[in-house]
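Here is the naming used below: chain letters follow the sequence lines, and residue numbers restart at 1 for every chain.
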Amino acid sequence: MVLQADFYARDTVVVARELLGKVLVHETAEGITSGIIVETEAYMQDDPACHAYRGKTPRNETMFGEPGKAYVYLIYGIHHCFNAVTREKGRGEAVLVRALCPLRGEELMHQRRKTICPSHRLASGPGNLCRVMGITRDQDGVPLQESPLYVISDNIAVSSDEIVERTRIGLSVAENRMLRFYLSNYQKYVSRR
DNA sequence: GCTTTGATGCACT
DNA sequence: GTGCATCAAAGCG
């Protein structure tokens, strides 16, 4: 079942936790790739580390739009990052998806990567994730319910004691909030640190 | 194995 | 001009 807008139109931390164990799918001309979401981070509007903290700009406009849309941006000039927009329209909050456990299209993922690596590192980190899934800024603003890019709730059981809360990664401000979540039994698929 | 560093685009002060 | 929600190659051991 594809997750609908009402799933995303809730508290950002709740959405971040519940996205763990769901499956991200991208259907492209090259083929279909999918993977279990194993690591997320929550970004709230009152958070100095959040793009929306200083208000709306052309770059982060998507975050303020409808819940359930993809917010994709370029970081360090090289890498893309994929987020799911949460809360009601006008709120400017999102969940960053940081890592996947590959499910379908692993062949294609290897092709999209220039380097050879073990499968548990294919989508370890937001930049790698977008690369192997074929996500670019072309996907910025697309609704996750009615696009080739969507999230489904599969029957992957996640009990709350498998969810580990940690501080977020790569930030210079507001580092110490427990807003990063990952599944302990998939830790090797997660970016390091 | 682990740590360091350069590549690189774009929004914003 | 600066500072990033990063990655991988190069260097060390």
TODO: Taking only the side-chain nitrogens and oxygens of A:Arg113, find out if one of them lies under 4.0 Å from OP1 or OP2 of C:dC7.
DONE: no
Task: salt bridge (charged side-chain N to carboxylate O under 4.0 Å, His left out) partners of A:Arg10, counting only residues at least two apart - done: A:Glu18
TODO: Let me have DNA chain B in dot-bracket notation, would you? Count Watson-Crick plus G-U wobble pairs, both distances under 3.5 Å, and use [ ] for pairs crossing earlier ones and | for inter-strand partners.
DONE: |||||||.||||.
Open item on the list: For C:dA5 and A:Arg59 - does any side-chain N or O of the residue sit under 4.0 Å from the phosphate oxygens OP1/OP2?
Closed with: no
Open item on the list: Need two values: the first and the last nucleotide of DNA chain B, 5' to 3', having an atom under 4.0 Å from any heavy-atom of chain A.
Closed with: B:dA7 to B:dC12
Open item on the list: Keeping A:Thr40 on the side-chain end and A:Ala16 on the backbone end, is there a donor-acceptor pair under 3.5 Å?
Closed with: yes
TODO: Find the distance A:Arg112:CZ to C:dC7:P and express it as a whole number of Å.
DONE: 17 Å
Task: CD (A:Glu107) with more than 12 external heavy atoms under 6.0 Å - done: no
Task: Set of residues satisfying ring-ring contact (aromatic ring centres under 6.0 Å, His included) with respect to A:Tyr73, sequence neighbours excluded - done: A:His51, A:Tyr71
TODO: Measure the distance from CG on A:Asp47 to P on C:dA5 and round it to the nearest whole Å.
DONE: 10 Å
TODO: Mind checking A:Met63 for me? I need base, sugar-phosphate or nothing, with any heavy atom below 4.0 Å counting as a touch.
DONE: base
Open item on the list: Any non-hydrogen side-chain atom of A:Tyr182 less than 4.5 Å from a side-chain atom of A:Arg98?
Closed with: no
Task: Distance-only polar pair, side chains of A:Arg121 and A:Asn128, donor-acceptor under 3.5 Å - done: no
TODO: Nearest-nucleotide wise, let me know which of A:Arg137 and A:Ile78 is further upstream toward the 5' end of DNA chain B.
DONE: A:Ile78
- [ ] Under 4.0 Å between any heavy atoms, over every strand shown, what does A:Gly77 touch: base, sugar-phosphate, or nothing? Just pick one.
- [x] base
Task: Over 12 foreign heavy atoms within 6.0 Å of CZ, A:Arg104 - done: no
Task: d(CZ, A:Arg54; C1', C:dC4) in whole Å - done: 12 Å
TODO: Kindly point out which of C:dA8, C:dT6, C:dA5 is positioned nearest to the side chain of A:Asn128?
DONE: C:dA8
TODO: Output all residues satisfying salt bridge (charged side-chain N to carboxylate O under 4.0 Å, His left out) with A:Glu162, sequence neighbours left out; order by chain, then residue number.
DONE: none
TODO: Using whole Å, report how far CG of A:Asn60 lies from P of C:dC4.
DONE: 16 Å
- [ ] Of all the heavy-atom pairs spanning A:Leu24 and A:Met133, show the shortest one and how long it is.
- [x] O-CE, 3.6 Å
Task: A:Leu129 CG - C:dT6 C1' separation (whole Å) - done: 13 Å
- [ ] Remember a base hit wins even if backbone is also touched, and classify A:Leu96 as base, sugar-phosphate or nothing at under 4.0 Å, heavy atoms.
- [x] base
Task: salt bridge (charged side-chain N to carboxylate O under 4.0 Å, His left out) partners of A:Glu66, counting only residues at least two apart - done: A:Lys89
- [ ] Report the distance from atom CZ of A:Arg180 to atom C1' of C:dA5, rounded to the nearest whole Å.
- [x] 12 Å
Task: Atom-pair distance (OH on A:Tyr71; P on C:dA5), nearest Å - done: 10 Å
Open item on the list: If I take atom CD1 in residue A:Ile116 and atom C1' in nucleotide C:dA8, what distance separates them, rounded to the nearest angstrom?
Closed with: 13 Å
